[in-house]
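Notes to accompany the following structure.
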Amino acid sequence: MAEFDVVIVGGGLVGGSLAGALRELPLRVAVIESAPVRASNKPSPDERVIALSLGSRRIFGGLGVWPAIAPVAEPILSVHISDRGHCGFTRLERHEAGVEAFGYVTPARAMDLALQEALEPASNIQTLRPARLLDHQVGPTGVALDIQVGDERRRITTRLLVAADGGDSGVRERLGLQVDGHDYGQDAVVTTVLADRPCPGQAFERFTDTGPLAMLPMPGGRYSVVWTCRPTETADLLSLTEADFIDRLQARFGWRLGRLSAPSPRQAYPLKLKLVRETIHERLVLIGNAAHTLHPVAGQGFNLGLRDVAALAEALGEAARCGQDPGSANTLADYKRWRGRDQSDTARLTDTLARLFVAPWRPVRIARNLGLLGLDLAPGARQRLARRFMGLDGSLPRLARGLPLETPHV
Ligand SMILES: Cc1cc2nc3c(=O)[nH]c(=O)nc-3n(C[C@H](O)[C@H](O)[C@H](O)COP(=O)(O)OP(=O)(O)OC[C@H]3O[C@@H](n4cnc5c(N)ncnc54)[C@H](O)[C@@H]3O)c2cc1C
């Protein structure tokens with residue numbers, strides 16, 4: 001039976017990033033991912049585009065994968081935030097915040113491929129893909145896992161199990177862990193469009209009565225669109241002809257970017273808040289969407305998950321340096337102490353934004369517009385908000401400061 005120090009279930013963006021971080025540590029690591037390897041030249045069903053924060057770009061720098069991602073990433077130099085049909089708006093400018101960019105709009109595929117490539121030469125990482133975790137049993141010295149790899153059923157063991165298996169985490173469900181949250185009663189329809197008067201580097205977040213509409217700049221004058229709508233509108237938005245969809249989008253967003261055209265295939269995601277009550281358990285830690293699934297307003301979900309990765313990798317590096325068990329209660333408690341505050345604050349902030357800006361009541365509408373105007377007049381408050389969204393707040397792990405992990409001497 002194969003034995004590992006760390007098994008990561010879920011090789012999505014968060015699990016893949018953790019594997020990338022652990023390739024420098026003296027740990028035997030396995031990644032179990034049910035989707036087949038992503039080929040570089042084939043479109044996949046998930047062509048999502050992610051707004052990476054500056055903090056996340058630094059983490060990818062520390063992991064050594066940023067040079068492979070940078071050529072297809074578009075910097076966000078300013079963000080225009082407005083409330084559709086009302087006077088309130090504010091603009092965040094990168095020079096006010098004293099940073100090179102607030103973040104970078106990046107295709108998920110580019111991050112995936114860069115991580116896959118970085119893992120290939122890593123002799124301490126074994127990727128089992130396509131493979132599925134079927135069941136697991138936790139004991140005091142380790143976790144036994146039953147996995148399906150092709151036609152074969154295998155049993156492996158690990159000292160630490162990391163659940164990075166997404167918002168519908170099977171590990172979380174099997175253990176019956178308590179989850180708080182709610183359904184937003186909204187879907188996000190995503191696509192990309194071409195603008196004939198692009199504003200390079202400028203992102204737009206427009207709050208509307210059905211939820212936020214984000215337009216994020218991409219190379220070549222394209223924009224990534226995240227259009228939050230009522231579930232009753234979703235089927236319509238997905239099935240409209242390209243021309244009718246563009247007309248509908250143009251009516252909602254306006255003409256700031258000139259005429260929009262050439263939408264890519266549309267996809268829809270139902271939006272829910274899911275927060276697991278306890279992110280650590282005996283020999284188990286949940287990270288990324290398995291721990292916290294957020295509303296995409298302000299693009300925080302993956303960025304938060306990547307900060308989990310940076311802190312967990314550092315805690316595991318520290319444990320390795322001291323010769324400690326990676327799954328020990330102390331190691332996991334160190335991780336939790338570090339991450340708890342950021343996880344709950346970010347979840348609260350995005351949840352408040354998502355709810356506040358769809359509230360139809362006049363007093364709330366007036367208050368939020370005054371809030372936006374106040375923000376526009378108060379550079380200090382704007383900068384604090386920007387630092388939080390950039391993932392630069394609080395005590396940052398080495399990777400989030402753009403430094404590589406300190407490799408333990410063994
Ligand atoms: C419309 C939309 C826009 C978004 N925009 C942004 C943004 O701009 N910025 C941002 O930071 N975030 C954004 N997010 C959030 C971001 O997409 C997620 O937070 C992030 O992708 C979560 O990554 P993950 O690896 O935790 O989970 P997932 O991407 O769900 O990966 C989980 C992986 O686990 C695998 N898996 C599951 N079960 C098993 C099993 N039993 N065995 C083996 N493998 C298994 C799955 O195949 C999958 O690959 C957005 C989300 C949405 C819906």
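All ligand and atom numbering here is 1-based and tracks the order in the structure.
Near Tyr269, with a cut-off below 4.0 Å to any heavy atom, the atoms of ligand 1 are 1 (C), 53 (C). Within ligand 1, the atoms closer than 4.0 Å to a non-hydrogen atom of Leu13 are 25 (O), numbered from 1 in the order shown. Contact atoms of ligand 1 toward Pro296: 2 (C), 3 (C), 4 (C) (distance under 4.0 Å to a heavy atom of the residue). When each atom of ligand 1 is checked for a heavy atom of Ala164 under 4.0 Å away, the hits are 32 (C), 33 (C), 34 (O). Annotation for ligand 1: atoms under 4.0 Å from non-hydrogen atoms of Gly10 are 33 (C), 34 (O), 35 (C). Every atom of ligand 1 is numbered from 1 in the order shown, and the set under 4.0 Å from a heavy atom of Gly288 is 26 (O). In the vicinity of Gly166, heavy-atom distances shorter than 4.0 Å reach the ligand 1 atoms 27 (O), 30 (O), 32 (C). Set against the non-hydrogen atoms of Gly301, the atoms of ligand 1 under 4.0 Å away are 10 (C), 11 (O), 12 (N), 19 (O).
On a distance-only criterion, Ala51 and ligand 1 share at least one N/O pair closer than 3.5 Å. Remark: ligand 1 and Ala35 share no N or O pair separated by less than 3.5 Å (distance only, no angle test). Looking at Val226 next to ligand 1, no N or O pair under 3.5 Å apart turns up. Checked against a 3.5 angstrom limit, the closest N/O atoms of Asn289 and ligand 1 fall inside it. Between Ala188 and ligand 1, a contact under 3.5 Å exists for no N or O pair. Residue Val14 places at least one N or O, backbone or side chain, under 3.5 Å from an N or O of ligand 1.
Note on ring orientation: taking the six-membered ring where Trp is involved, the planes of His295 and Tyr184 are perpendicular (angle over 60°, cut-offs 30° and 60°).
Residue contact annotation: Ala108 has no non-hydrogen atom under 4.0 Å from ligand 1. Using a 4.0 Å heavy-atom cutoff, Gly170 is absent from the residues neighbouring ligand 1.
Using a cut-off of 4.0 Å between Lys/Arg side-chain N and Asp/Glu carboxylate O, Arg172 and Asp165 are scored as not salt-bridged. Using a cutoff of 4.0 Å between basic side-chain nitrogens and carboxylate oxygens, Asp209 and Arg252 are scored as salt-bridged. Taking 4.0 Å as the cut-off between side-chain N and carboxylate O, Asp236 and Arg248 count as a salt-bridged pair. Between Asp334 and Arg337 there is a salt bridge, since a side-chain N of the basic residue sits under 4.0 Å from a carboxylate O of the acidic one. Salt-bridge formation is detected for the pair Arg283/Asp325: a Lys NZ or Arg NE/NH1/NH2 atom is positioned less than 4.0 Å from an Asp or Glu carboxylate oxygen. A salt bridge does not link Arg159 with Glu3: every distance from a Lys NZ or Arg NE/NH1/NH2 to an Asp or Glu carboxylate oxygen is 4.0 Å or more. Ion pairing between a basic and an acidic side chain is recognised when a charged N comes within 4.0 Å of a carboxylate O; Glu100 and Arg57 show such pairing.
Atom CZ of Arg401 has more than 12 heavy atoms from other residues, nucleotides or ligands within 6.0 Å.
Contacts between Arg48 and ligand 1 below 4.0 angstrom, taking non-hydrogen atoms only, involve the side chain exclusively. Within the 4.0 Å heavy-atom criterion, the part of Val190 lying near ligand 1 is the side chain and not the backbone.
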Ring pair (Phe, Tyr, Trp, His ring centres under 6.0 Å) evaluation trace for Phe204 with Phe253: CA-CA 9 Å; Phe204 298 85; Phe253 177 70; 5.3 Å; yes

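Side-chain atoms of Phe302 and Leu52, non-hydrogen and from C-beta on, do get closer than 4.5 Å to each other.
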